Amino acid sequence: MATAKFQALRGTRDILSPESERQRALVNTFAEQCHLAGYGHIMSPIFEDLGVFLRVGESTDVVTKEMYDFEDKDGRRIALRPELTASVVRAFVQHNPPNLPWKAWYEGPQFRHERPQAGRYRQFSQVGIEVLGSDDPHVDVEVIALGWRFYESLGMQQVTLLLNSLGDESCRPQYFTALETYLRDRAADLTEAARETLEKNPLRVLDSKREQDAAVIAEAPLMVDHLSAETAEHFAAVRSGLEALGIPYEISPKLVRGLDYYTRTTFEFASTALENAQNAVGGGGRYDGLAESLGGKPTPGIGFALGVDRILLACDAEDTFPAPSTVPDVFVVDLTGGGEAVVVTDRLRQAGISADRGFDGRSMKAQMKVANRAGSPWAVIIGENELAEGNVTVRDMHGETGQTLISSADLVTELSSRLGR
RNA sequence: GUGGUUGUAGCUCAGUUCGGUAGAGCACCGCGUUGUGGUCGCGGCGGUCGCGGGUUCAAAUCCCGUCAGCCACCCCA
């Protein structure tokens, strides 16, 4: 191995063609669906004041352990965004848009200092949407449905929608007390790790995958059994909306999610095609208090984020959504030194016909090999004879048509018709 | 952050047990007569064995460290 002096840092990677084209196609598909549903595109900064993310939750790993934060040259505390909801809500509060609900979609890289493994990177990419200014359960349904339909449009079939309600101020405090009391009573039966979690956020104890904690968790009181009348009604409306759309879901009473700002509706999309532990391909929920905590007016909000890298892994596992073709329409073989191909490829590209060519004055045989490898259906051959007569040879690389000599002036029209355009 | 596992040509891997200065397939390049790819045949390029240090007359093979991938936990997309 030619010893490379540098390599991409741990948890980061170069995404080369055609995988990069595939990722772009995924984002385009998502953008199209958002556009159809009336969402506008938001591009927010990749770094923000650290405080924006501290509001996300003092007890979360994302904030306490995993943040890429630093002091800039002006002495300000800066963080590379570990998620986008906080950024989008910050932008909402800052610009105070007049027409509510305000609906936005986004895509881009995010950063978390975690130990990487398949489907988990330190720089990863998400697409997502946020809706601010309405707590209508129909908004919840629209948001969840948009995610669900997106997976469908990629051809994914092995996705499970997990649904839960985390309640709100009207019922959550009472539930928290009940849960905490229960867990403290049973603390002796919990692992030490779980007891530590209990001190920080009792709710998250429910999320433990440790076998020793399973018995205690199985009997724990559940939020869904403690919802206030109003919250229960909201949750029921969300469910019936999903049923009206024929979107299957599973009530998952122990679905907690990692960010403290969630209230009421929470959900997660899990791929059953992924065998590793990182099977969550998307998640989201309501965050009715977040805008206020970032200095805005009390404004309800809901959104989701879908993991681009994990979705593509799941697509691999389901053998769907392949990378788009990068095959040029035409490959130009120039035997006269290469200068004529400069002119011909330029003409073709201006006419909207994708064209690649051989370089370095290689032999015809070598250029034909490259043309074959490129996979182009048509080759244009320019030899001394053609050049002298103002002609080019068009060769069928796949079919039985063989090759024909045409006037160079007719090349664009000839190829357009052969390509069916 | 914790524990485990792996790291040899562009790619997939053999060689590591019992130390003696590197192999295969694919890919790539060239040739198989005059300007023609895909099949086939022949030839060729390519690795200081992740990196650094140690033990040894001698290390891809043993020891230590480090970097990176993978797996589980943690957490999450």
Side-chain angles (χ1 to χ4, degrees), chain A residues 1-13 16 57 59-66 82-85 107-128 147 191-194 196-197 200-201 204-205 207-213 255-259 268-271 274-284 304-314 331 333-336 358 360 362-387 393-399 402-403:
Chain A
M1 195 181 295
T3 309
K5 193 161 188 175
F6 296 108
Q7 57 183 315
L9 257 23
R10 171 167 246 203
T12 71
R13 66 216 169 109
L16 307 179
S59 76
T60 65
D61 282 5
V62 168
V63 168
T64 57
K65 290 165 42 181
E66 299 170 359
E83 60 124 28
L84 261 156
T85 301
E107 59 88 19
Q110 282 138 86
F111 308 85
R112 275 139 62 168
H113 190 104
E114 299 181 273
R115 190 106 154 222
Q117 47 187 276
R120 189 165 82 177
Y121 307 99
R122 289 183 171 181
Q123 176 176 334
F124 59 102
S125 196
Q126 289 183 336
V127 296
T191 56
E192 193 182 332
E196 278 172 29
T197 308
K200 288 186 288 188
N201 185 342
R204 197 156 298 121
V205 175
D207 212 22
S208 165
K209 285 180 203 159
R210 291 170 290 258
E211 279 182 31
Q212 297 150 271
D213 297 327
L255 178 67
V256 170
R257 316 254 339 121
L259 302 165
E268 190 166 297
F269 298 103
S271 167
L274 290 178
E275 288 178 6
N276 51 33
Q278 276 65 241
N279 67 347
V281 291
F304 65 59
L306 315 181
V308 170
D309 315 273
R310 283 186 194 174
I311 289 172
L312 290 173
L313 286 174
F331 194 95
V333 173
D334 184 350
L335 307 176
T336 69
D360 299 315
R362 296 228 268 155
S363 72
M364 180 170 197
K365 183 185 180 111
Q367 289 190 59
M368 288 300 293
K369 274 180 83 164
V370 178
N372 182 58
R373 212 156 41 216
S376 298
W378 305 102
V380 169
I381 300 166
I382 306 160
E384 297 294 350
N385 298 340
E386 285 90 342
L387 188 59
T393 295
V394 177
R395 177 174 175 80
D396 183 350
M397 296 295 282
H398 294 340
Q403 58 189 49

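On a predicted model such as this, the values are computed, not experimentally measured, just so you know. Chain identifiers are assigned alphabetically (A, B, ...) following the order of the sequence lines, protein sequences preceding nucleic acid strands; residue numbering begins at 1 within each chain.
The residue A/Gly147 sits apart from the nucleic acid: no heavy atom pair falls under 4.0 Å. If you check every strand for non-hydrogen atoms under 4.0 Å, A/Gly128 touches nothing. A/Phe269 comes within 4.0 angstrom of nothing in the nucleic acid, heavy atoms only. Within the 4.0 angstrom heavy-atom criterion, no nucleotide atom of any strand lies near A/Ala371.
Taking atom P in both B/C64 and B/G69, the straight-line distance is 23 Å, to the nearest Å. Taking atom C1' in both B/G65 and B/U55, one finds a spacing of 15 Å when rounded to whole Å.
Between the side chain of A/Arg115 and the base of B/C73 there is no donor-acceptor pair of N/O atoms closer than 3.5 Å. Judged by atom type and distance alone, A/Arg112 does not reach the base of B/C75 through any side-chain donor-acceptor pair under 3.5 Å.
Atom CD of A/Gln367 and atom CZ of A/Arg362 lie 8.0 Å apart (nearest 0.5 Å).
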Inset, instruction - Spell out protein contact along nucleotides 30-36 of chain B as letters: B when the base is contacted, S when just the sugar-phosphate is, - when no protein heavy atom is under 4.0 Å; keep the 5' to 3' order. - result: S-B--BB
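Pair assignment for B/U66 gives B/G50, based on Watson-Crick or G-U wobble hydrogen-bonding distances that are each under 3.5 Å.
Taking the ring axis of A/Phe124 as reference, the NZ or CZ atom of A/Arg112 does not stay both within 45° of it and closer than 6.0 Å to the ring centre.
Ion pair A/Arg120/A/Glu114 flagged as a salt bridge, since at least one NZ, NE, NH1 or NH2 atom sits closer than 4.0 Å to an Asp/Glu carboxylate oxygen.
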